[in-house]
Number of protein chains: 2
Amino acid sequence: MRQDIHTSGIPVLCVSCEARHRGICGALEPIQLVELARASTKHVLEEGAELIGDAEPIDNYANILSGVVKLTKSLPDGRQQIVGLQFAPDFLGRPFSEESAIGVEAATPVSLCSFPRRTIQRLIEATPGLERRLLMQALRELDEARGWMMTVGRKTAAEKVASFLLLIARNIDPTLDGEGAPAGAFDLPLTRADIGDFLGLTIETVSRQFTRLDRDGLISVKGRRVEVLDMGRLADLAGA
Amino acid sequence: MRQDIHTSGIPVLCVSCEARHRGICGALEPIQLVELARASTKHVLEEGAELIGDAEPIDNYANILSGVVKLTKSLPDGRQQIVGLQFAPDFLGRPFSEESAIGVEAATPVSLCSFPRRTIQRLIEATPGLERRLLMQALRELDEARGWMMTVGRKTAAEKVASFLLLIARNIDPTLDGEGAPAGAFDLPLTRADIGDFLGLTIETVSRQFTRLDRDGLISVKGRRVEVLDMGRLADLAGA
DNA sequence: TCGCCTCTTTGATCCAGATCAAACTGGCGT
DNA sequence: ACGCCAGTTTGATCTGGATCAAAGAGGCGA
């Protein structure tokens, strides 16, 4: 319980945490960071672990430290749609309201920094900047959700898969975006089934599209391993 | 310019305005309401009018007083997806950030209460409750967007159209939701083309599904006019 | 090392919804 | 009243992706 010793007032737990920069903790003063850190615990979840069941009440919120979390919706007959993916340092959990019938599940091993709802609620009341951060994240997620609505509703299977690869590539290595298109390799954080559930496609169609992208030289695929060989053409295929 | 005379301190402009209850203005004190009302103007837009072009900067925000506004995304080749519908008394415009390449267009005649960005920005700084309202609306829109992702990605054409009818029916007459299922009639605020763009279907498929729902006795359709005859079966068809 | 189990790929066939093509309807301007 | 035009309906046909089926490909516990 001594994680609040100083590195110029910042808890050890937090010194190298991304949430302090791009995440919601960036809105907190060192003293508040200490308060939050004191109430926080680090968890590691294995792939497939369910964080929040459909419509369950939640008493813990968390920041993602690493890994990928999928947000899902299901129909009674088992059809499923992934309605969002969250990466570090996203904030998990929905302030001021019951969960909205969304399932939250670790897509890969995930490590979390979690804290009781009460603590965050209190900090929010005391820190306008924190609410601002939450609003910004909500707006960003809204943009993303709408972007995916377009992808799911109007793009072809090939365009969908290209768009998905772009999403992952950019989240794994944000520098990939530049003009030089240096190409990069990474492991897909999702199974073919998950990718299908994200894009509104079947496993088989996803697999076939990967094969085609590989054959056409845009990427190289081997199971989960993907190397982007031609970022430009891939982005092109994905559509604007 | 005398709209700020009192009805117990509330501007005339606002006395019967829904935004004062369910909208963002509910977070304002009478004195702030006066400030905002003084800077506000009422507009009426005809069907099809574009409020904000794709990625244009915006200097005005607004509350919807009546009518339906559609949010769209387009691909360079003309494919379009409606990524959201807004009804009174929703707040229009994106605080703290450039518009996100979304088109905003009046789907029906729309009346707006609009005010300069500057005024709202100032009120937000002064009123924590206002930012809270914005966050709540963003979270609600996020839920809706995710709900539609599921619909667009995983439901059949019949389920999609039923879901859409339910959305409209509930927004036109919120009491419809009850158990008694009293059935109600309304005019669709969208053309078949718009409905298709919302659901990820073609005009023809939308039309055929309407015909089928009519033939099966769930609704009665005549052009834009729809009467829901069996709310229960319709909700059932729409899926959970 | 083997056998099992999950994930993935590939092939053959099918079908929901797209596309192509007309005809129908209702409003609105002249 | 008429003609035009945007929106809608209906029919015939086509096809992208689903479904059905089966064979790889790792990984991992015994």
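In this text, all values refer to a predicted model and were calculated from it rather than measured experimentally. Below, chains carry the letters A, B, ... as their sequence lines are ordered, and counting in each starts from 1. For the numbers below, each heavy atom of this structure counts, side chains included, while hydrogens, waters and symmetry mates do not.
With rounding to whole Å, A/Arg215 atom CZ is found 13 Å from C/dT9 atom C1'. Rounded to whole angstrom, the span from the NZ atom of B/Lys155 across to the P atom of C/dA16 amounts to 19 Å. Taking atom CZ of B/Arg225 as the reference point, atom P of C/dG26 lies 15 Å away to the nearest angstrom. One interatomic measurement links the two molecules: CZ of A/Arg224 to C1' of C/dC7, which rounds to 8 Å at whole-angstrom precision. Between B/Lys160 atom NZ and C/dG17 atom C1' there is a gap of 9 Å when expressed in whole angstrom units.
The existence of a salt bridge linking A/Asp90 and A/Arg140 is confirmed by a sub-4.0 Å separation between a basic side-chain nitrogen and an acidic carboxylate oxygen. Under the 4.0 Å criterion applied to side-chain N and carboxylate O atoms, A/Arg94 and B/Asp143 are assigned as salt-bridge partners. Using a cutoff of 4.0 Å between basic side-chain nitrogens and carboxylate oxygens, A/Arg146 and A/Glu141 are not scored as salt-bridged. Salt-bridge check for A/Lys70 with A/Glu50: failed, with every basic side-chain N at 4.0 Å or more from each acidic carboxylate O. With respect to the salt-bridge test (charged N to carboxylate O, under 4.0 angstrom), the residues A/Arg224 and A/Asp187 do not qualify.
Within residues 202-214 of chain A, the residues that have a heavy atom under 4.0 Å from DNA chain C are, in order of number, A/Ile203, A/Glu204, A/Ser207, A/Arg208, A/Thr211.
Without hydrogens or angle criteria, B/Arg117 side chain to B/Pro95 main chain gives no donor-acceptor distance under 3.5 Å. Here the side chain of A/Arg20 pairs a donor or acceptor atom with the backbone of A/Val15 at under 3.5 angstrom. Panel note: side chain A/Arg192, backbone A/Gly223; a donor-acceptor pair is recorded below 3.5 Å.
As judged by a 4.0 angstrom heavy-atom cut-off over every strand, A/Gly200 is placed among residues touching the sugar-phosphate backbone only. Backbone-only engagement by B/Lys222 is indicated by non-hydrogen atom pairs under 4.0 Å involving sugar-phosphate atoms exclusively.
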For residues 197-210 of chain B, run the donor-acceptor check on the side chains, cut-off 3.5 Å, and write out each pair with its distance to 0.1 Å, sequence neighbours left out.
from	atom 1	to	atom 2	distance (Å)
B/Asp197	OD1	A/Arg154	NH2	2.9
B/Thr202	OG1	B/Thr205	N	3.3
B/Thr202	OG1	B/Thr205	OG1	3.1

Kindly list each side-chain donor-acceptor pair under 3.5 angstrom involving residues 105-113 of chain B, sequence neighbours excluded, with atom names and distances?
from	atom 1	to	atom 2	distance (Å)
B/Thr108	OG1	B/Val68	N	2.9
B/Ser111	OG	B/Ser66	OG	2.9

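Each end of the helix from C/dT1-D/dA30 to C/dT30-D/dA1 gets its own rotation axis from five pairs of C1' atoms, and the angle between them is 40° to the nearest 10 degrees.
You can see that DNA chain D meets the heavy atoms of chain B within a 4.0 Å-exclusive cut from D/dT8 to D/dA12, reading 5' to 3'.
The list of ring-ring contact (aromatic ring centres under 6.0 Å, His included) pairs with a residue in residues 68-91 of chain B, not counting sequence neighbours, reads B/Tyr61-B/Phe91.
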